[in-house]
Amino acid sequence: MSITSLRQQFIAGETTPTKVLQALATEIVARDSKTGAYLSYDLDAALNEAASADLSLPLGGIPIALKDNMNVLGQPCTCGSKFLAENYRSPYDATVVKKLRAAGAIPFGRMNQDEFAMGSSTENSALQITRNPHDPERIPGGSSGGSAASVADGTAIAALGSDTGGSIRQPASHCGVVGLKPSYGRVSRYGLVAFASSLDQIGPLTRTVEDAAMILQAIAGYDPADSTCLDVPVPDYLSGINDGVKGMKLGVPKEYFGDGIDPGVRKQVEAAIQKLAAQGAEILDISLPHAEFAVATYYVIAPAEASSNLSRFDGIRYGHRTANPADILDLYKKSREEGFGPEVKRRIILGTYVLSSGYYDAYYGRAQKVRTLIRRDFENAFQKVDAILSPVAPTPARKIGAFSDDPLREYLSDIFTLSANLAGIPGISIPCGVTDFDGGKNLPVGLQILGPHLGEAGLLRIAKAAEA
Ligand code: GLN
C-alpha cells in the first residue's frame, strides 16, 4: 500500500500501525530471504513506537525503511561494510530521522546498500546480495538497492535512500518505484555517513509520486547541524501536485538519447514524453554540451572527497580494529585492509592520487572547472525550459555478476544521473513502462525528470502527470 492509502485506513479505523508492522514482519520473513533487501530490523522497538503513534500527524504511524547509512539511535548503521558491521551502534538520530519522527513516522528496517554507497548495483555490499524483485537473477540497482527492492517487493511501505551520483534514482528505475533526489542543501545530511560531501543528498523511495512529496515535506528544511543545508522556506509540495503539465516547457537533451541506450529503454522513455505532450506540455529539443564529461568529472571529485571522508575509519575511533597490531601504524593499515572491500579501496586510492601534490591541478582542479561548465549547461537550459526529461539509466537491470571484473563499465552506466549531483539540482525517477532485456522479461524502465535548483514542487507536478 501507498502511504496515502494506509493513512486513510488508519483514519477510518480499518487497520493500525501495530497491525501494519506485524504484517510487514510476516512479509519480510516470507519473502525477504529471496530478495535480501533487509540487513536488520528491530520489530520490538517499532511496535513500541506504534503503540503511541499520533495518527493526526502527516506520517502518523507510517513505517519508513532506512538505507543502512543513516543513524538511528541505538540501531546498527553498517553502511554495507564489515568496518561497521561488528560493533557499531548509532549514538544519535540523524536529522532526517528526527524529522520523520516529528511527522509521526516510525523508522523500521535497515536496508542493504553498496559499501559506503559506492556502486550502482548493491553487489558491493560486503554483507549480502540483494536481488531485483522483478527478476531474482538481476541487480536491484544501487547504491540504495535494499531501499528500492523492499518498496518494490511490498516488504516496506516507503524508504529513504541517499544519492551521490544516482543512488536513489537508478535503483528506483531498476525496481519500478519512485525515487527523488532533492536539491543540494534541501535536506540535512547530519547523521548520514558521508561519502562525497559536495554531492550527497537524502531522499525518498516510494510507490507513488504523492508519497515522495509527503516524505520530502517531512524531511526538507534548515538544520544548523549541516552547514550546507539551506535556510530557505519549504514550500507545500502537495498543494500544486495535481496542476498538470499544460503549458509547461519540457526539454529533451540530445546528448541523453545517443548511442548506447537500450532500444527498449528509448522506446518507453520516448512514449512517456509523447504522453506528456498529449497532456499539453511543450516538448523542446535542448543541448547540454558538457554532458559527456560527467562520468570523468564525477569519478575524480567523488573519490577525492571519499578518500578524505573515509580517513575517519582508522580502527581507533570506531568500527573494526585489527586483532594483533605490531605498532600504531600497523593498526591503521591492517584495520583498513581488513575492514574495507575492494571497491572502497579503489576509490580511496583513486581519490588520494588525484589530490596528491603534483597531480591536484591536473585532476581535481580541472574536474572542479568542468563541474562548473556542467552546472552552467543546466542554468542555460532552465532559461528555456521548466524541466528536462531523459532516461535514468542506459539499460534496465542487468544480471548479477555481469560487470564484476569491469568497474569502468559500471561507472559509465551512471552517465545520466551524475550531472544532477554535480550541478546540485533535483531529479526524480518514475516508472514509465517495462521492456525485455538480455533474456529478462518485463523489466521496469524509469523516466528521469530534472529541474532547477529548489524546483522540487515542479518536478513532483510533472511526475504526477506522467504517473497518471
Ligand atoms: N554509482 C555512483 C558511485 O558509485 C553513485 C553512487 C551514489 O549515488 N551513492 O559512486
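None of the values given here were measured: they were computed from a predicted structure. All ligand and atom numbering here is 1-based and tracks the order in the structure.
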[X] heavy atoms, cut-off 4.0 Å: which ligand 1 atoms fall inside?
X: Ala117; result: 6 (C), 7 (C), 9 (N)
X: Ser143; result: 9 (N)
X: Asp163; result: 8 (O)
X: Gly165; result: 5 (C), 7 (C), 8 (O)
X: Phe195; result: 9 (N), 10 (O)

Nearest non-hydrogen partners of Phe340 and Glu115, listed with the distance: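 Answer, listing the atom of Phe340 first, then Glu115: CA-OE2, 3.6 Å.
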At what distance is the nearest protein heavy atom to [atom], and which residue and atom is it?
atom: atom 10 (O) of ligand 1; answer: Tyr298 OH, 2.6 Å
atom: atom 3 (C) of ligand 1; answer: Tyr299 OH, 3.2 Å
atom: atom 2 (C) of ligand 1; answer: Asp414 OD2, 3.2 Å

A quick test of your reading: do over 12 heavy atoms of other residues, nucleotides or ligands sit less than 6.0 Å from OH of Tyr359?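 No, OH of Tyr359 has 12 or fewer neighbouring heavy atoms, counting only those of other groups under 6.0 Å.
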With a 4.0 Å cut-off on heavy atoms, is Arg347 touching ligand 1?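 The answer is yes: ligand 1 sits under 4.0 Å from a heavy atom of Arg347.
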Assess Gly119 for proximity to ligand 1: is some non-hydrogen atom of it under 4.0 Å away?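 Contact present.
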Under 3.5 Å between some N or O of ligand 1 and some N or O of Thr164?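 Min N/O separation from ligand 1 is below 3.5 Å for Thr164.
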Would you say ligand 1 has an N or O under 3.5 Å from any N or O of Leu418?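 No, Leu418 has no N/O under 3.5 Å of an N/O on ligand 1.
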Would you call [X]-[Y] a salt bridge at under 4.0 Å N-O?
X: Arg398; Y: Asp438; answer: no
X: Lys98; Y: Asp93; answer: no
X: Glu338; Y: Lys82; answer: no
X: Glu337; Y: Lys334; answer: no

Nearest neighbour of atom 6 (C) of ligand 1 from the list Pro303, Ser167, Ala196, on a heavy-atom basis: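 Looking at heavy atoms only, Ser167 sits closest to atom 6 (C) of ligand 1.
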Using the rule given for ring-ring contact (aromatic ring centres under 6.0 Å, His included), can you reason through Tyr353 versus Tyr363, listing the C-alpha separation, both sets of side-chain angles and the distance that settles it, and then say yes or no? CA-CA 9 Å; Tyr353 180 78; Tyr363 293 106; 5.8 Å; yes
If you measure from each non-hydrogen atom of Glu343 to ligand 1, which part falls under 4.0 Å: side chain, backbone, both or neither?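 The answer is neither; Glu343 stays 4.0 Å or more away.
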Under 3.5 Å, is there a donor-acceptor pair between the side chain of Arg371 and the main chain of Leu422?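 Answer holds: yes.
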Stepwise, does the ring-ring contact (aromatic ring centres under 6.0 Å, His included) test hold for Phe116 with Phe313? CA-CA 11 Å; Phe116 290 105; Phe313 299 100; 4.9 Å; yes
